S.K.: 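Attaching a single structure in C-alpha cells format; questions to follow.
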Amino acid sequence: MARSTDSWDESDVRIRPSKKGSRPRTKDRPSHDDAVTGRIITVDRGRYTAVVGEDSDNERVVIAARARELRRSPVVAGDFVSLVGDVSGAPDTLARLVKIQDRHTLLRRSADDTDPVERAVVANADQLVIVVAAANPEPRTGFIDRALVAAYDAGIEPILLVTKADVKDPAELLSNYTHLDFPVIISKTADAQASGIDARSDDGLSARLDSTAVAALRAHLDGRVTVMLGHSGVGKSTMVNALTGAERATGGVNAVTGRGRHTSSSALALRLADAPAGSWIIDTPGIRSFGLAHVDPDRILRSFPDLSPGIENCERGCKHTANAVNCGLDDWVAGGHAGPTGPARLASLRRLLGTDPRMEAQETKELGSVN
C-alpha cells in the first residue's frame with residue numbers, strides 16, 4: 001500500500017549525484033608524508049630529472065612531472081624537491097613533483113636591466129665559476145662584473161677562470177680585479193708534447209687542457225656545488241668534461257662574427273669525478289645577456305668593494321650615476337684609492353647603475369654570444 005506524501009521525511013528524498021562528482025572542494029592539500037627527496041639535475045620540456053637516494057645503495061634517476069599547483073613556480077637544476085607516485089626510476093615511469101624544498105641560494109638574472117621578470121638560473125649552488133677567454137671571443141669586463149654582482153647578491157662565492165691564455169696575455173683584463181678577493185685561475189691550451197688532459201671536441205679531435213689549471217680548479221670543488229657560467233666558445237663545457245668525464249658537446253668560435261657556437265641547450269648537473277659526496281658541477285648554456293633588474297642598486301654598489309668606501313662623501317640621495325652631482329666616487333677614484341683601473345671600474349659600476357636600456361643593448365652586442 002502506497003504511503004501518503006504527507007508522511008514523507010528527508011530520508012525518503014533521493015539526491016541526484018552531480019555530474020562533476022560529489023566530492024566537496026577544499027583548499028587543503030595532501031601532506032605527502034610519503035614523498036621522497038630528489039636533486040634536480042636537468043629540466044627538459046616539462047620533464048624534471050632528479051637523483052633520488054643520492055650516494056646510497058638505492059640511488060636512482062627519476063623522471064617527474066610538476067604538480068599543477070606548482071605550475072607558476074620555476075624548478076631549476078640544483079633544486080631539492082619532494083616526489084610522490086612512482087619513484088622507482090624504472091623505464092617509462094613518471095613521478096609527480098609536489099614541492100620545491102627551501103633553497104639556501106638562488107642564482108637569478110633578468111633578460112636585461114629593464115625587464116622586471118627575474119629568471120632562476122640555478123639553485124643551491126655554493127660557488128660560481130665565471131669563465132671567460134683571454135681572446136677569441138674577446139673578454140668583456142661588463143659580463144664579469146654582472147656575474148660577480150649576481151653571485152654576491154645570491155650569497156655564492158665567485159671564481160674567475162680565464163681560458164686561452166696562450167692566445168693572449170690576460171694581465172690587462174685581470175688588472176681590473178686586483179682589489180677583489182676571489183680565486184683567479186689561468187688556463188692555457190697545453191702543447192701536444194706537454195702534460196695535459198684530453199677533452200673531446202665536437203669535430204672529433206682531442207684538445208688538451210692545461211693540467212695545472214684543471215688541478216687548480218679541482219682543488220676548489222670537493223664537497224661543493226659549483227656552477228659554470230660563460231659565453232659559448234670560451235671552453236666552459238670542455239673544462240666540465242675534463243672534471244667529470246662527461247661528453248658535453250663543445251663548440252668553437254665563428255671565424256667571421258667572433259661569436260661562440262651555442263652547444264648546450266639546458267643546464268645539467270654532473271657529479272665530479274673521484275670526489276666526496278655532494279660534489280657537483282652544473283654546466284649552463286652559453287649566455288648572451290645577464291640583466292640585473294632584480295638587484296637593488298645598493299647591493300650592486302656593495303659588489304664593488306674597491307669603490308664603495310667613496311660614497312661616504314656623497315650628498316644625501318646621491319644615485320652615483322654618471323650625471324650625479326658631487327658624487328664622492330669621483331674624488332675617490334681621482335685620488336687613486338681604487339688603483340690605476342679605478343676609472344674603468346667606476347665606468348663599469350655606472351653602467352650597471354644606469355637605467356638607459358641602450359647601454360644594456362650595447363653591452364649585450366659587445367658580449368656577442370649566442371643565447
Side-chain angles (χ1 to χ4, degrees), residues 127-145 147-148 158-178 180 182-221 226-264 270 272-273 281 283-288 340-341 344 366-370:
Q127 301 178 128
L128 173 65
V129 178
I130 306 164
V131 188
V132 297
N136 192 30
E138 290 296 317
R140 301 293 179 184
T141 56
F143 170 71
I144 299 174
D145 292 339
L148 287 172
I159 298 173
L160 180 60
L161 171 62
V162 183
T163 63
K164 306 182 185 180
D166 51 322
V167 178
K168 181 181 178 181
D169 187 349
E172 182 179 353
L173 172 69
L174 296 178
S175 66
N176 291 279
Y177 303 101
T178 54
L180 304 185
F182 58 79
V184 176
I185 298 170
I186 309 298
S187 176
K188 299 179 179 180
T189 303
D191 183 87
Q193 304 300 320
S195 173
I197 294 178
D198 288 334
R200 303 294 296 182
S201 64
D202 64 340
D203 58 5
L205 301 177
S206 179
R208 291 186 67 78
L209 287 175
D210 180 355
S211 59
T212 302
V214 176
L217 180 57
R218 177 70 171 73
H220 292 278
L221 307 183
T226 304
V227 185
M228 304 286 281
L229 184 73
H231 301 304
S232 299
V234 297
K236 174 170 54 68
S237 293
T238 301
M239 180 63 78
V240 169
N241 290 346
L243 291 165
T244 64
E247 295 185 358
R248 290 281 273 175
T250 60
V253 177
N254 187 298
V256 176
T257 65
R259 299 181 178 184
R261 287 178 292 169
H262 186 65
T263 53
S264 304
L270 297 160
L272 189 65
I281 292 180
D283 187 20
T284 60
I287 197 165
R288 180 175 180 176
T341 61
E366 290 177 351
L367 293 174
S369 180
V370 180

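Basis for what follows: all heavy atoms, side chains included, without hydrogens, waters or symmetry-related copies. Since we're looking at a predicted model, the values are computed, not measured.
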S.K.: For Val227, run the side chain to side chain contact (heavy atoms under 4.5 Å, CB included) check against Ile281, Thr284, Asp283 and tell me which one passes.
M.R.: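 Among Ile281, Thr284, Asp283, the one meeting side chain to side chain contact (heavy atoms under 4.5 Å, CB included) with Val227 is Thr284.
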S.K.: Kindly indicate whether the side chain of Met239, heavy atoms from C-beta on, has any atom under 4.5 Å from the side chain of Val131.
M.R.: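 No, their side chains stay 4.5 Å or more apart.
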S.K.: So His220 and Ile159, do their side chains get closer than 4.5 Å, heavy atoms only?
M.R.: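 Result yes, sub-4.5 Å side-chain heavy-atom pair found.
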S.K.: Could you check Ile186 against Leu174 for side-chain contact (heavy atoms from CB on, under 4.5 Å), going step by step and ending with a plain yes or no?
M.R.: CA-CA 10 Å; Ile186 309 298; Leu174 296 178; 3.5 Å; yes
S.K.: By side chain to side chain contact (heavy atoms under 4.5 Å, CB included), which residues pair with Val167, not counting sequence neighbours?
M.R.: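 Once residues adjacent in sequence are excluded, the partners of Val167 under the side chain to side chain contact (heavy atoms under 4.5 Å, CB included) criterion are Ala135, Lys164.
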S.K.: Could you list the residues that satisfy side chain to side chain contact (heavy atoms under 4.5 Å, CB included) with Ala213, not counting sequence neighbours?
M.R.: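 With neighbours one apart ignored, the set is Ile185, Ser187, Asp210.
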S.K.: Determine which pairs satisfy salt bridge (Lys or Arg N to Asp or Glu O under 4.0 Å) with at least one residue from residues 211-221, sequence neighbours left out, and list them in order.
M.R.: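 Applying salt bridge (Lys or Arg N to Asp or Glu O under 4.0 Å) to every pair that reaches into residues 211-221, excluding sequence neighbours, yields Arg218-Asp222.
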S.K.: What do the steps show when you test Phe143 against Leu229 for side-chain contact (heavy atoms from CB on, under 4.5 Å), and what is the final call?
M.R.: CA-CA 10 Å; Phe143 170 71; Leu229 184 73; 4.1 Å; yes
S.K.: Could you check if a side-chain atom of Leu221 sits within less than 4.5 angstrom of a side-chain atom of Gln127, using non-hydrogen atoms only?
M.R.: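 Side-chain contact under 4.5 Å: yes.
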S.K.: Pick from Leu161, Leu148, Val234, Val162: which one makes a side chain to side chain contact (heavy atoms under 4.5 Å, CB included) with Ile130?
M.R.: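 Option passing the side chain to side chain contact (heavy atoms under 4.5 Å, CB included) with Ile130: Leu148.
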S.K.: Please list, chain by chain and in numerical order, all residues satisfying side chain to side chain contact (heavy atoms under 4.5 Å, CB included) with Thr341, sequence neighbours excluded.
M.R.: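 Side chain to side chain contact (heavy atoms under 4.5 Å, CB included) check on Thr341 returns Ser175, Asn176, Arg345.
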S.K.: Below 4.5 Å, heavy atoms only, C-beta onward: do Leu173 and Val132 meet side chain to side chain?
M.R.: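 They are in contact (side-chain heavy atoms under 4.5 Å apart), so the answer is yes.
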